[in-house]
Each structure stands twice: as C-alpha cells, then as structure tokens.
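Keep in mind that the numbers below use all heavy atoms, side chains included, and drop hydrogens, waters and symmetry copies.
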Amino acid sequence: MNILEYCEDVGKTEEEILKLCDKLGISYESVETVLSDDDITLLDNELASIDDAIDSEDKYDYELDEKVEQMIIDKNIDIDSHQHKEKVKNKSDRIESNKNSFHSKRKEMYKHREKLQSNEDKNDNVIVYKNNMTVTELSNLLEVNVLDLIKKLMKLGIMANVNYSLSYDIAELLVIDYNKVLKTEENVDISNFEKYDLIEDDKDLVVRPPVVTIMGHVDHGKTSLLDAIRQTDVVSGEAGGITQAIGAYQVELNGKKITFIDTPGHEAFTEMRARGASVTDIVVIIVAANDGVMPQTKEAIDHAKAAKVPIIVAINKIDLPDANVDKVLTELAENGLTPEKWGGDVLVNEISAKTKVGIDELLENILLVSEMNELKANPNRYATGTVIEARLDKQVGTVVSLLVQNGTLRLGDPMVVGNSYGKVRTLRNDKGMDIVEALPSMPVEVTGLNETPKAGDKFMAFET
C-alpha cells in the first residue's frame, strides 16, 4: 500500500498524512512511496490517538456544559465559569499527558523491539506419535537401539518384536525413560489452535493474575457484585459500562491483579457461560441469601465442575431481612458444594454487593485460591489466548476483545484469530487507554483483522 492508497483507506488528505509521516520519521519521496507494515501501524495508532483525544475532549465539554446549564435553570445556582474552564483544561491536560506517554512508550518499543519466543514447537525433546507406530519407528525417533526398547517392554510384561504396534500410553511410558515428551500429530500442528500444545520451560514461567468468572441465577446480583468490585455505576447505566465495551476488566488488591470476565447471566446465554468457564481459572458462584439455589445456579455449578476449576461461593444480599444463610449452605451441600466450615473444601463468602460488605474478603479468597493453584505463564513468547467478544465498527472495521492467556501481545504483531488474520493496529486496555503491549491474563481490545471472529475463538500471534 502506498501513501496515496493509505489516504483513501483512512479518509485523510495527502497533506495530513505527509505531515504525520514527517512527525513519525517515516521517509518518503512522493505519495507513490510504498509504506511498510510498521509504517502503517505507526500511522494507524497516531490517527487513533488523535481521534480519541478529540472525541474525549468534545464529550467532556458537552457533558459538563449540560450539567452546568441544568443546575443554573433548576436550582438558580451561581456557577463560577472560571472553575468550569479549569476542569475542562485539567481534563484536556490529562488526555494530552496520556497520549504523550503512549507515544513515548510506542517509540521505545519499536526502537528496541525484542524478538519473542516462537509459538512453533521446535523442542528436540518432543517425539511425535503416529497411529500404529512400531517399536522400530520409535527407536529411530529416540535414536536408541531397538533391542533396548524390546527389553523395556518385556519388563512391562509385553512380549514384542520390532514390528509390534505401540499404543500411545505404552509409547509415552517408553519415551519418559529418555527424558522426552510424547505428543500426537495434532498437538504439534500449530494451525490447530484447539489441540496445539505448548511446552514451557519452568525457568520461563512467572506468576500471572487469576482469571475469574462470576456465574449464578438471574437477579441474584452478579452485575451488582461486578459493580461493587469495579467501583463504577454499571447497574444504573450498564450499556455504558466498561464490560459492555470489552467484556472483561482488571482490578488490583494489595498490589496484585485479578481479571474478571463478564458473562451474561440468563438461560439464553448458557453456551456463552460455558465458554467463559473454559477460559477461567476460578469460578465465583453467586447465590442470593433470600432466594437460595435456583435452576441457573445449578447450571452454573455444572459448568464450573465440567471446566474442572476451583469454585468459590458468594452468598449475596445478606443485608435483607429475609436472608437465610443456613438454608443456602444446606442447598449448596446438596448440590455437591460442601462449605469449608462444614468440613468441605469450598470457600464461602457472605457479602452484600449493595453495602459492599465482604467484598474485600472475597477478593482475598480469590487471591488465596490463585496462589494455591500456582497460576503461571511465559511472558517472553508470542501471545496466545481467546476471543471474549467481537463486533464490526463502521469507522475502524473489526474490533475484537481478547484475553491474553500466555505470552505478550504487542502493537504490530501479526496474528491469526479463528479463521481471520491481520496485524495489531491498535491495542487498548479495559479502561480504553492505548497501550503498546499486553501481558498474560490481561483483557485487551484490538483492531486490524480482515474479518470478524466469533466469541470463544482462539488466537495466536507470530513473528511474521
């Protein structure tokens, strides 16, 4: 794509784009000069940042002016116009500061762009198993004498010759003796994201934040709990809430982060909740103290058990006069969730999303379960993860919310998402801020794909 074609693509004049090229240090001779992929990524991000800053400032001015006007009309209050202007200026300064910070980080990243570990498995310790593999074929792959394998098989009580067909389980026992790892062909095919296995060296792994999904019966307070944790008013204006834009967000407690995935809470979205459980580390089952275990509660419990992830129970609405915690505990035990104080292994928190009682204790229990499960990832490889949700925007094209589950996703990284592909043109966090990279367990919003993928699709980033 040359500069002229890029101008048409983004709806800008030649003069505007050439000025941006000068500002970003992109060399050109004329509008016929072909832009590299990195040049396009730089220009895309610069245009997005400028548009965002303008939109934010315009929105803020309008909303503030409207509030001032209404106060003057309704309450006849004398508003200091100087104070109003100062607030607008401070907001504008913050936007400019964030933009400059992002530009600085982006420039630094491109200048010192380090090569990450490839997701393509080139581990010499991997032995690929094929159906009906013979003893001879395995000995060749292991580079050992075939008689040695026959002796090992005899010790296992198997009388075999060189043409004996090995099952996967028996072959796995043999390769372990040689400090090798056995995989099926589909598990070493990088184009098959669902089955592809990554082998990580322990020394490359670091602790990552837990990914939590809150499930439960409709009206038991899932959205209220998310709101209480996030400290924003999502219940009264959910359409404008953060999770409506990206489907997930992060909070921090005592310097440690927790990622929450927001899944719909009624029967029409059973499949979505099941997908949420497949990418989560911990499931929080929310139950109303005045209502008890309901059909969708049982459904949520089944999803969590199927996903084989730890379960924490949050008994909500304990501030209501008809709350009956003991009844809820009994019903939980009847459904296979025996509370810890009854001799079971399920942590139960009594909370009120409305008054925020017990919220900190719930978050502490989430971090405790996370530490016990030793959740780790390798931030030094190209990213892999899952699509939370995706939509088509008329102005910027496909917009995808992703959960980075392993590796680091960076601006400009080529990626495949389900059956779509492209390069990361813009990368934003759950607060809508432009960032240059996303680490494991981080939810982000990206643009740059050729098509709109589906929620639940896997993604993988590559070097080229």
Side-chain angles (χ1 to χ4, degrees), residues 105 116-117 198 200 202-215 222 225-232 234 241-243 245-263 275-286 304 307-312 314 347 349 359-389 400-410 427-446 456 458-461:
K105 288 177 182 176
L116 298 172
Q117 286 177 240
L198 286 172
E200 299 287 7
D202 287 342
K203 71 178 187 330
D204 295 328
L205 299 176
V206 298
V207 175
R208 65 170 175 81
V211 179
V212 180
T213 304
I214 299 177
M215 298 180 177
K222 180 178 77 74
L225 174 57
L226 288 167
D227 176 38
I229 292 170
R230 189 173 32 190
Q231 294 296 313
T232 58
V234 179
I242 296 171
T243 53
I246 195 169
Y249 65 95
Q250 279 191 328
V251 298
E252 192 168 315
L253 180 71
N254 301 327
K256 296 180 180 179
K257 292 180 179 179
I258 303 173
T259 299
F260 287 91
I261 295 180
D262 190 9
T263 56
R275 233 181 350 249
S278 70
V279 298
T280 196
D281 301 309
I282 300 168
V283 168
V284 173
I285 305 290
I286 188 166
K308 298 179 180 178
V309 294
I311 298 172
I312 296 174
L347 291 173
N349 289 86
I359 301 298
D360 284 346
E361 289 79 1
L362 174 61
L363 295 178
E364 286 168 3
N365 276 338
I366 289 172
L367 291 174
L368 175 63
V369 172
S370 171
E371 288 174 11
M372 290 171 62
N373 283 271
E374 297 182 333
L375 304 173
K376 293 183 178 181
N378 177 7
N380 297 315
R381 71 161 59 250
Y382 285 94
T384 58
T386 304
V387 175
I388 301 170
E389 56 188 36
V400 186
S401 298
L402 304 171
L403 175 68
V404 178
Q405 293 173 281
N406 195 32
T408 296
L409 185 64
R410 305 180 301 189
L427 185 64
R428 288 174 183 160
N429 63 16
D430 58 312
K431 297 174 181 62
M433 296 173 62
D434 288 295
I435 55 176
V436 298
E437 63 179 19
L439 299 172
S441 295
M442 190 170 179
V444 290
E445 188 178 82
V446 304
K458 299 292 182 183
F459 81 84
M460 186 173 281

Looking only at the side chains, is there a donor atom on one of Gln405 and Thr384 sitting less than 3.5 Å from an acceptor on the other? no
Where Leu375 and Ser370 come nearest, the two heavy atoms and their spacing: CD1-OG, 3.5 Å
Inter-residue atom distance Ile261.CD1 - Leu226.CG, 0.5 Å rounding: 11.5 Å
Nearest-0.5 Å distance, CG of residue Asn429 to CG of residue Asp434: 8.5 Å
Rounded at 0.5 Å granularity, tell me how far CG in Asn406 sits from OH in Tyr382. 14.0 Å
Beyond-backbone contact of Asn373 with Pro310, side-chain heavy atoms, under 4.5 angstrom: yes
What is the distance from atom CD of Glu389 to atom CD of Glu445, rounded to the nearest 0.5 Å? 8.5 Å
Which heavy atom of Val211 sits nearest to which heavy atom of Ser441, and what is that distance? CG2-OG, 3.9 Å
Minimal non-hydrogen separation, Asn378 against Asp204, with atom names: OD1-O, 3.4 Å
Is the number of heavy atoms from other residues, nucleotides or ligands within 6.0 Å of CD (Glu252) greater than 12? yes
Can you tell which of Val446, Leu439, Ile435 makes a side-chain contact (heavy atoms from CB on, under 4.5 Å) with Leu409? Val446
When rounded to the nearest 0.5 angstrom, what distance separates CG in Leu347 from CG in Leu362? 9.5 Å
Correct closest heavy-atom pair for Asp430 and Ala248 would be CB-O, 3.5 Å
Identify which one of Val279, Thr213, Leu403 satisfies the side-chain contact (heavy atoms from CB on, under 4.5 Å) criterion when paired with Thr259. Leu403
Ignoring hydrogens, what is the shortest heavy-atom contact between Lys256 and Glu371? Give both atom names and the distance. NZ-OE2, 2.6 Å
Taking all atoms of both residues into account, what is the closest heavy-atom pair of Thr280 and Val309, and its distance? O-CG1, 3.4 Å
Is any NZ, NE, NH1 or NH2 atom of the basic residue among Arg208 and Asp281 found under 4.0 Å from an Asp or Glu carboxylate oxygen of the other? yes
Do Asn365 and Asn349 have a side chain donor and acceptor closer than 3.5 Å? yes
Should Glu364 and Leu253 be marked as a side-chain contact (heavy atoms from CB on, under 4.5 Å) after you check the CA-CA gap, both sets of side-chain angles, and the distance that decides it? CA-CA 8 Å; Glu364 286 168 3; Leu253 180 71; 3.9 Å; yes
CG of Leu367 to CD1 of Ile258, rounded to nearest 0.5 Å, is 4.0 Å
Against the six-membered ring of Phe260, is Arg230 placed for a cation-pi contact (under 6.0 Å from the centre, within 45° of the normal)? no
